Amino acid sequence: MSADDAAALVSHGANVGMSGFTGSGYPKAVPMALARRIEQAHARGDQLRIGVWTGASTAPELDGALARVDGVGLRLPYQSDPIARAHINAGTMDYIDIHLSHVAQYAWFGFLGHLDVALIEVTAILPDGSLVPSASVGNNKTWLDQADRIILEVNSGVSTALHGMHDIYYGTRLPPHRKPIPIVGPGDRIGEAVLRCDPDKVVAVVETNAPDRDTTFAAPDATSKAIAGHILEFLGHEVRHGRLPPELLPIQSGVGNVANAVMAGLEDGPFERLTAYTEVLQDGMLNLLRSGRMTLASATALSLSAGATRQFNGEIDRLKRKIVLRTQEISNHPEVIRRLGVIAMNGLIEADIYGNVNSTHIRGTAIMNGIGGSGDFARNAYLSIFMTPSTAKGGSISAIVPMVTHVDHTEHDVQIIVTEQGLADLRGLSPKQRAATIIDKAAHPAFRPALQDYFDRACKLSPGKHTPHLLDEAFRLIKSTA
Ligand code: 0RQ
């Protein structure tokens, strides 16, 4: 069927579960056809807006195209498109920012409402009707199972050699019938290589031939190299003190350039036979797998630059033995993350002197991207590391503030904060000890005196002395520098 004909099957008010996770495996043709249809409907004065549920962020052809025509009433669970962000922050698009491991189970619990359509990119449809997933798995299993009707995009631009890399677990149940998730090592396979699909629900099959978004990474700069250096030194210290094995524990690495730079740092570091239990596999991690520094990686999505995708396609048969792509409720499962003892490394927007972290909001009210999987990993990790440049916007804003304007990760979930200035190890410290450490090790020298002055006066004047604060001026530093 043509993309336009398939798009005509989606009606106003429908909830559409789409594939896509950090710019990979998203449908490329039907969302754009839907955007054209929405634009025409709006020009005629007709209502046409849908709910868009995905795995995580997608690309301009999906989130951007639909947001540009004001076609999305509600979006969940994680997105990073600038046009969609502008709509959310203008109040014209509702957005529900959910822990990525929670999304599928919320759909099964019935917490999100009814799912009308699943719109899923696949690599191939097999003769028995099962589907070979493409470069991400995300929530595709749940969307296919839950939706009334299914639209498939078969992308011949994705290598069919991907077949065999995926592990789709069909053992999840609703409480009180749940059983342990039987993963005891990051490479364990517990499911099937393909997605099951009821052929009676398939209303359209659309052929495409298009690459995923080119997720480019900046070459590591001095700041991200310094952050990576502090983390590597810390990991070495932990090995020397017997708190980590020489091959470390499975690594989770968040999105963005700093995360990618840490992976690049591991390439030159002393650690061998690394593993990863993560959600996104970026260029830096692919390099570790190609060089043999990393032996295994479990993820839910590949999020690669065009160059890295070419390398991946060239070596796919060799890499297939080292990479497992799972559904996101398993890649981010708290039980597995806790059991394996994952080392979680995520970015932040601001952290306060007590270690609460804001990953999502600018000045407390505007969304940047979303919490993504950072909460799944941070709360359940063996080591929960957050990393950031110590300042933003050309040095005018301190990433370390007296009190965060929005809390995604509480002080109880944050063990280590790293900036280019240094590494604040908060393990075993009381709130006041944490504050002294964060100001001393992580804050930029230009902001240290103001933070120290706030903390000193709070220690004297705060009515409660456990977590001293001056509530009437906690946000003044932000106001004066933003
Ligand atoms: O804005 O591009 O307009 O200049 O925030 O900041 O420094 O480029 O850092 O790309 O690593 O993103 C937390 C957003 C960091 C990301 C966040 C502005 C800054 C810039 C981006 P500009 P950087 P990164 C696994 C884990 C949540 C989800 C997550 C994220 C922009 O890491 O989305 O961790 N995390 N998932 O200028 C004002 C401040 C600021 C600020 C930064 N204090 N005030 N602006 N910025 N700090 C993946 C998934 O879950 C899918």
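Start at 1 and go down the list; that is how both ligands and their atoms are numbered. What you are looking at is a predicted structure, and each value in this text was computed from that prediction instead of being measured.
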Does any N or O atom in Q252 lie less than 3.5 angstrom from one in ligand 1, N or O only?
no
In Å, rounded to the nearest 0.5 Å, how long is the span from CG of L296 to CZ of R273?
8.5 Å
Any N or O on N369 sitting closer than 3.5 Å to an N or O of ligand 1?
yes
Under a 4.0 angstrom heavy-atom cut-off, which atoms of ligand 1 come close to G347?
13 (C), 32 (O)
Tell me which protein heavy atom sits closest to atom 21 (C) of ligand 1, plus the residue, atom name and distance to 0.1 Å.
M368 CE, 4.7 Å
Once you round to the nearest 0.5 Å, how far does CD1 of I397 lie from CD of E350?
9.0 Å
The atoms of ligand 1 lying under 4.0 Å from a heavy atom of G370, numbered in the order shown, are 27 (C), 28 (C)
Neighbour count >12 (heavy atoms, 6.0 Å) for atom CZ, R457
yes
Between T419 and H444, do the side chains contain an N or O donor and an N or O acceptor separated by less than 3.5 Å?
no
Among all protein heavy atoms, pick the one closest to atom 13 (C) of ligand 1 and tell me residue, atom and distance.
L348 C, 3.5 Å
For the pair H406 and H361, name the ring-plane relationship: parallel under 30°, tilted 30 to 60°, perpendicular over 60°.
parallel
Considering only non-hydrogen protein atoms, determine which one is nearest to atom 45 (N) of ligand 1 and report residue, atom name and distance to 0.1 Å.
I362 CD1, 3.4 Å
At what distance is the nearest protein heavy atom to atom 51 (C) of ligand 1, and which residue and atom is it?
T22 CG2, 3.5 Å
For ligand 1, which part of Y78 has a heavy atom less than 4.0 Å away: the side chain, the backbone, both, or neither?
side chain
Are more than 12 heavy atoms, taken from residues, nucleotides or ligands other than E267, located less than 6.0 Å from that residue's CD atom?
yes
For atom 6 (O) of ligand 1, state whether the nearest protein heavy atom is under 4.0 Å away.
no
Between T278 and S253 the two heavy atoms that sit nearest each other are OG1-N, 3.2 Å
Kindly indicate, with the supporting measurements, whether the criterion salt bridge (Lys or Arg N to Asp or Glu O under 4.0 Å) is fulfilled by K28 and E121.
CA-CA 8 Å; K28 317 270 186 304; E121 179 185 271; 2.6 Å; yes
If hydrogens are left out, which of Q282, K393, H409 has an atom nearest to atom 1 (O) of ligand 1, that is, the closest non-hydrogen atom?
K393
Under 4.0 Å from a heavy atom of G372: which atoms of ligand 1 are those, numbered in the order shown and with their elements?
50 (O)
In terms of residue, atom name and distance, what is the protein heavy atom nearest to atom 49 (C) of ligand 1?
E279 OE2, 3.0 Å
Heavy atoms only: give me the nearest S80-S57 pair and the separation to one decimal.
OG-CB, 3.4 Å
With a 4.0 Å heavy-atom cut-off (strictly under), which part of N346 contacts ligand 1: side chain, backbone, both or neither?
side chain
By number and element, which atoms of ligand 1 are closer than 4.0 Å to a non-hydrogen atom of I397?
38 (C), 43 (N), 44 (N)
Just checking H102 against F111, ring centres under 6.0 Å apart?
no
Exactly one of T22, D63, D81 should register a side-chain hydrogen bond (donor to acceptor under 3.5 Å, both in side chains) with T58. Which one does?
D63
Identify the protein heavy atom lying closest to atom 10 (O) of ligand 1, giving its residue, its atom name and the separation to 0.1 Å.
G256 CA, 4.5 Å
Sub-3.5 Å N/O-N/O distance, G373 and ligand 1:
yes
Closest protein heavy atom (residue, atom, distance) for atom 35 (N) of ligand 1
S359 O, 4.0 Å
Counting non-hydrogen protein atoms only, what is the nearest one to atom 43 (N) of ligand 1? Give residue, atom name and distance.
I349 O, 3.1 Å
Cationic N near anionic O, under 4.0 Å, R178 to E335
no
Side chain, backbone, both or neither: I371 near ligand 1, heavy atoms under 4.0 Å:
backbone
